[in-house]
2 protein chains.
Amino acid sequence: MEYEIVDTEHAFLPNWQAAMPAARMVLRAAAQGGAGADVSIRWCRLRAGESITVILPALLARNGKTVILADEPGDALILEALSAGAAGCCNTHAAPEVLQQVAAVVGNGGLWVGQNLLQQLIGRTARILSNQNPASAKAALPDTLSEREKQVAAMVASGASNKEIANRLSIAERTVKAHLTAIFDKTGTRDRLQLSLKINGLKL
Amino acid sequence: MEYEIVDTEHAFLPNWQAAMPAARMVLRAAAQGGAGADVSIRWCRLRAGESITVILPALLARNGKTVILADEPGDALILEALSAGAAGCCNTHAAPEVLQQVAAVVGNGGLWVGQNLLQQLIGRTARILSNQNPASAKAALPDTLSEREKQVAAMVASGASNKEIANRLSIAERTVKAHLTAIFDKTGTRDRLQLSLKINGLKL
DNA sequence: TTGGCTATTGGACTAAAGTACAGTTTTTCG
DNA sequence: CGAAAAACTGTACTTTAGTCCAATAGCCAA
């Protein structure tokens, strides 16, 4: 349960003190090199105007989870942080209870996302996902595909090779190819990768 | 800190017992009417095949937060639950630690979303927000990849063939293959489709 | 019954993709 | 400068993918 706070100056904010009195304060310069001790969560403060991509990679190379404490957290910033590998991103001046909450979630292997952003994410993506996530990929496929073809298409979209599909469906690899030819034709795709992108909603 | 568990039959599962021994068990029929007491979180079990929209509205009309305990939680189901107003959705048989985690998050006014789904939401929305530009894809790649490799990887992930990549980068197709071999090695993928899924956040 | 659709498979082939081994040039950095 | 990493390319090879032509068998509806 070792916490490490990384910042450009050695100032321990009151809310940090309250949330994690035992945390170790480290200057950002010092945090770059060396093989960090057994830190479970590394809190890195991101000051206004700074870019995540500049400081995050060096931190991720070390052990433990990384949480961004942003002076000016915006949805875009949070998304960027999470995409880049951070386990969470919250306001630098968040209440101690919130920080402890974040620590609990991240410590258990979760990702922390603020409620505002989460609501937005859900609203924005609900329809896309409910129709086009790999699990229910079949639903997103054109009705022109037969049942068997949808089945094969879904497996291709999730990364299976022809041989794997053949084995799992107990049919000849040749048959898989036949289905695929029909699928490419009906869906207007040229190969399995294009098909995957289409099924997964990443391409028009 | 009053917990109420709503189910069709009066069976207290072991993991529930462990996570919240003081919870009150209520049959679904009884939970529909009346002005519930001061319940902070209402856990409602959703059995296999049942629809959320049928049982959730009645529960939301009452006080407290509602969390769905799903026998067969899928991404689509979870989204449906959250969209419909639930504060979280997790597996009926989730470990006690997870349930307590959920309770903590929800109790503090948050929404609880599983990590898988969250990763997907983030990946998708990040792409939407950044308008599919290659920069976002590159950011999602391991920093062990060199600049050129990230460039190639991003193009592969968007569906380009080796020849197309070679033309666009004005290098030999052979060189593209060389980069790909290194990319597969570093990312732990076996072919371009797996790489695409990984980069696009559809696969661990 | 016949025609159409689907599922299945074979052989043969072309085209990509990916690997192995080997090498040169350029860039980066101490 | 000199070492190391990255970028680039070649020949040759194995493995998948995808296509073409052709055929058998089951199911359903006009």
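Atoms considered below: every heavy atom in the structure, side chains included; atoms not considered: hydrogens, waters and symmetry mates.
Closest contact between the side chain of B:Asn162 and the listed nucleotides C:dA7, D:dT9, C:dG18 involves C:dG18. Each of C:dT9, D:dA7, C:dA7 was ranked by its minimum atom distance to the side chain of A:Thr175; first place goes to C:dT9. Side-chain proximity of B:Glu149 to C:dT19, D:dA7, D:dG18: nearest is D:dA7. When the nucleotides D:dT19, C:dA7, D:dC8 are ranked by their closest atom to the side chain of B:Arg148, D:dC8 comes out on top. Each of C:dG18, C:dG10, D:dA7 was ranked by its minimum atom distance to the side chain of A:Ala172; first place goes to C:dG10. In this structure, of D:dC8, C:dT8, D:dT16, it is D:dC8 that holds the atom nearest to the side chain of B:Ile171. Of the candidate nucleotides C:dG18, D:dA17, C:dA7, D:dA17 has the atom lying nearest to any side-chain atom of A:Ser161. Side chain of B:Lys163, nearest nucleotide from C:dA16, C:dT8, D:dG18: C:dA16.
We find that CD1 of B:Ile165 is positioned 14 Å from P of C:dA16, with the value rounded to whole Å. When the C1' atom of C:dA17 is taken as reference, atom CD1 of B:Ile183 falls 14 Å away, rounded to whole Å. Atom CG of A:Asp191 is separated from atom C1' of C:dA16 by 10 Å (rounded to the nearest Å). At whole-Å resolution of the value, CG in A:Leu180 and P in C:dA16 are 17 Å apart. Between the P atom of D:dG18 and the CD atom of A:Gln194 lies a distance of 11 Å, rounded to the nearest Å. One interatomic measurement links the two molecules: CD of B:Glu164 to P of C:dA16, which rounds to 10 Å at whole-angstrom precision. The interatomic distance linking B:Lys177 (NZ) with D:dT14 (P) rounds to 14 Å, in whole Å. B:Glu147 places its CD atom 12 Å from the C1' atom of D:dA6, with the value rounded to the nearest Å.
Considering B:Val102, B:Val26, B:Thr92 as possible partners of B:Trp43, the one that fulfils the side chain to side chain contact (heavy atoms under 4.5 Å, CB included) test is B:Val102.
Between B:Thr181 and C:dG18 there is no side-chain polar atom (N or O) within less than 4.0 angstrom of OP1 or OP2. One finds no side-chain N or O of A:Ser146 lying less than 4.0 angstrom from the OP1 or OP2 phosphate oxygen of C:dC5.
A donor-acceptor pair under 3.5 Å is formed between the side chain of A:Thr181 and the backbone N or O of A:Lys177. Remark: side-chain polar atoms of B:Lys65 are not paired, donor with acceptor, to backbone N or O of B:Ala86 under 3.5 angstrom.
Ionic pairing of B:Glu173 and B:Lys163 is not present here: no N-O contact between side-chain nitrogen and carboxylate oxygen is shorter than 4.0 angstrom.
Contact check for A:Leu169 versus A:Met155: side-chain heavy atoms found under the 4.5 Å cut-off.
Nucleic acid contact for A:Ala182: none, since no nucleic acid atom lies under 4.0 Å from a heavy atom of the residue. Within 4.0 Å of A:Arg192, counting heavy atoms only, lie sugar-phosphate atoms of the nucleic acid but no base atom.
A donor-acceptor contact under 3.5 angstrom links the side-chain atoms of A:Arg174 to the base of C:dG11.
Counting only N and O atoms by type, the side chains of A:Arg45 and A:Thr8 include no donor and acceptor under 3.5 Å apart.
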